[in-house]
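Index from 1, following the sequence.
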Amino acid sequence: MDSDAPGRVLEGTGLTARPYNSDDYAAVVSAIESDWLPGQHPAEFQFPPQALKKLHDAEILVLCDVHGDVAGVVSIGVRPADGAGLIVQLHGRENPEVVTALLALARSHLAQRTLHAFTGPATATGIYGLPVEHRTVTARALTEAGFLPVSAQRYFLRDLNTFPAPQPQHPLADVTTITRPPGWMLRLTGTDGRHIATAIMRAPTSETAGMAVLWQLTVSPSHRRQGVATRLLQQCLHQAAQHGAHYFTADARDGETAAACLLTRAGFFPLDTLTVFRRCL
């Protein structure tokens, strides 16, 4: 993806577009860091996006200002399965002119096709989407360019350093180690052996930036509204802390009020809404 091709000036701006080359690396990493969200990998782990390896016609393009300095970067490609254009990653330091120009550049290169934007992981735990509350300029530019939100996840973070995990309450769930991905399954059963609740959590590893992740928590219908989910989540927090996690993350679909309330009562802080956008032909 390295290139020394000359750039072209974008009409109506003082910005020049050209393919990324290796000399741009430090400036691109700096642009990514300017949009950093808690729970993300450091910028050097996010670039170049691994998702580009699975796309056709993958490109990384940069915009440079009048001084030749990199002002923004966009990573794009075509999904083999359906021919849709993907804007995997876009960073312009929340400068309206740069962000708008990056979107126009991406659309120009991807030609006439359905487009999906922010299809790359926004967090180290693999949640996709643009953090729309941290990056309001980019969210507005997408809307003005005709993109609409198609999926949204509320992203929560629990600080286990400042607010230590509580001691779990009995009865305790049985804990089983899982390997793909590494973590644990916590299964709570009644005295009759019937299933009451299950939680699946990912262990803190370098792939998750040292954070534990709640993947799933379900309670059987006959045991809901009895505090079971709260007690099981407390045991998950304790399990994470015992294995070195400093932070615990979770997500819930936007609009899932019960899940959001469960997390906030347990000390999770809602950081943002991670949103994937689409623009149809």
Side-chain angles (χ1 to χ4, degrees), residues 32 35-43 45-46 118-136 138-139 149-169 173 175 178 181-186 188 197-219 224-225 227-277:
I32 296 172
D35 291 327
W36 189 80
L37 180 72
Q40 286 185 324
H41 277 304
F45 288 96
Q46 300 180 50
F118 290 89
T119 58
T123 69
T125 56
I127 310 173
Y128 295 98
L130 173 74
V132 295
E133 291 155 37
H134 280 72
R135 299 182 59 185
T136 57
T138 301
V150 291
S151 67
Q153 296 282 111
R154 292 292 290 160
Y155 172 54
F156 294 82
L157 186 72
R158 173 67 152 77
D159 186 342
L160 296 173
N161 297 317
T162 307
F163 304 103
Q167 287 293 323
Q169 300 178 34
V175 180
I178 58 177
W184 305 277
M185 175 184 289
L186 288 76
L188 183 63
T198 300
I200 300 174
M201 54 183 291
R202 187 169 180 176
T205 66
S206 59
E207 291 184 358
T208 64
M211 300 180 297
V213 186
L214 181 65
W215 280 74
Q216 178 183 318
L217 195 158
T218 58
V219 179
R224 291 174 185 169
R225 299 185 183 279
V228 173
T230 297
R231 293 195 298 273
L232 186 56
L233 182 54
Q234 287 177 345
Q235 187 175 348
C236 289
L237 291 168
H238 189 262
Q239 178 79 7
Q242 290 292 102
H243 287 82
H246 299 293
Y247 294 93
F248 200 120
T249 70
D251 65 276
R253 287 191 183 92
D254 195 28
E256 284 190 345
T257 305
C261 288
L262 171 68
L263 293 168
T264 52
R265 284 198 305 267
F268 286 79
F269 180 75
L271 281 180
D272 214 314
T273 303
L274 304 176
T275 305
V276 175
F277 290 80

| task | Taking all heavy atoms of L274 and all of L37, pick out the closest pair and write down the distance. | result | CD2-CD2, 4.1 Å
| Between CZ on residue R265 and CG on residue L233, distance to nearest 0.5 Å | 9.5 Å
| Does some side-chain heavy atom of P270 sit less than 4.5 Å from a side-chain heavy atom of T264? | yes
| message | Keeping Q235 on the side-chain end and L186 on the backbone end, is there a donor-acceptor pair under 3.5 Å? | response | no
| field | By side chain to side chain donor-acceptor pair (under 3.5 Å) - contacts of E133 (at least two apart) | value | R154, T273
| message | Could you work out, with side chain to side chain contact (heavy atoms under 4.5 Å, CB included) as the rule, every residue matching A250, not counting sequence neighbours? | response | L214, L263, F268
| said: Minimum heavy-atom separation for P121 and Y128, please, with both atom names. | reply: N-CD2, 3.4 Å
| field | ring-ring contact (aromatic ring centres under 6.0 Å, His included) partners of H243, counting only residues at least two apart | value | W184
| request: State, yes or no, whether a side-chain contact exists between F248 and C236 at a heavy-atom distance under 4.5 Å. | output: yes
| note | For V276 and G129 the tightest heavy-atom approach is CG2-CA, 3.9 Å
| task | Please report the C-alpha distance between T198 and M185 in whole Å, then the side-chain angles of each, then the deciding distance to 0.1 Å, and finally whether the side-chain contact (heavy atoms from CB on, under 4.5 Å) criterion is met. | result | CA-CA 7 Å; T198 300; M185 175 184 289; 3.9 Å; yes
| request: For residues F277 and T138, determine if any side-chain heavy atom of one lies less than 4.5 Å from a side-chain heavy atom of the other. | output: no
| remark: Between L160 and A245 the two heavy atoms that sit nearest each other are CD1-O, 3.5 Å
| task | Using the side chain to side chain donor-acceptor pair (under 3.5 Å) rule, collect all pairs that involve residues 207-219, keeping only residues at least two apart or in two chains. | result | R202-E207
| Sidechain-backbone polar pair: N161 side chain, Y247 backbone, donor-acceptor under 3.5 Å | no
| request: Quick one: closest heavy-atom pair of A212 and P204, and the distance? | output: N-CB, 4.1 Å
| Do T230 and Q169 have side-chain heavy atoms sitting under 4.5 Å apart? | no
| field | Verdict with reasoning, Y155 to T249, per side-chain contact (heavy atoms from CB on, under 4.5 Å) | value | CA-CA 7 Å; Y155 172 54; T249 70; 3.8 Å; yes
| salt bridge (Lys or Arg N to Asp or Glu O under 4.0 Å): pairs with one or both residues in residues 241-254, sequence neighbours excluded | R253-E256
| query | For P166, what residues pass the side chain to side chain contact (heavy atoms under 4.5 Å, CB included) criterion, not counting sequence neighbours? | reply | R158, Q234, L237
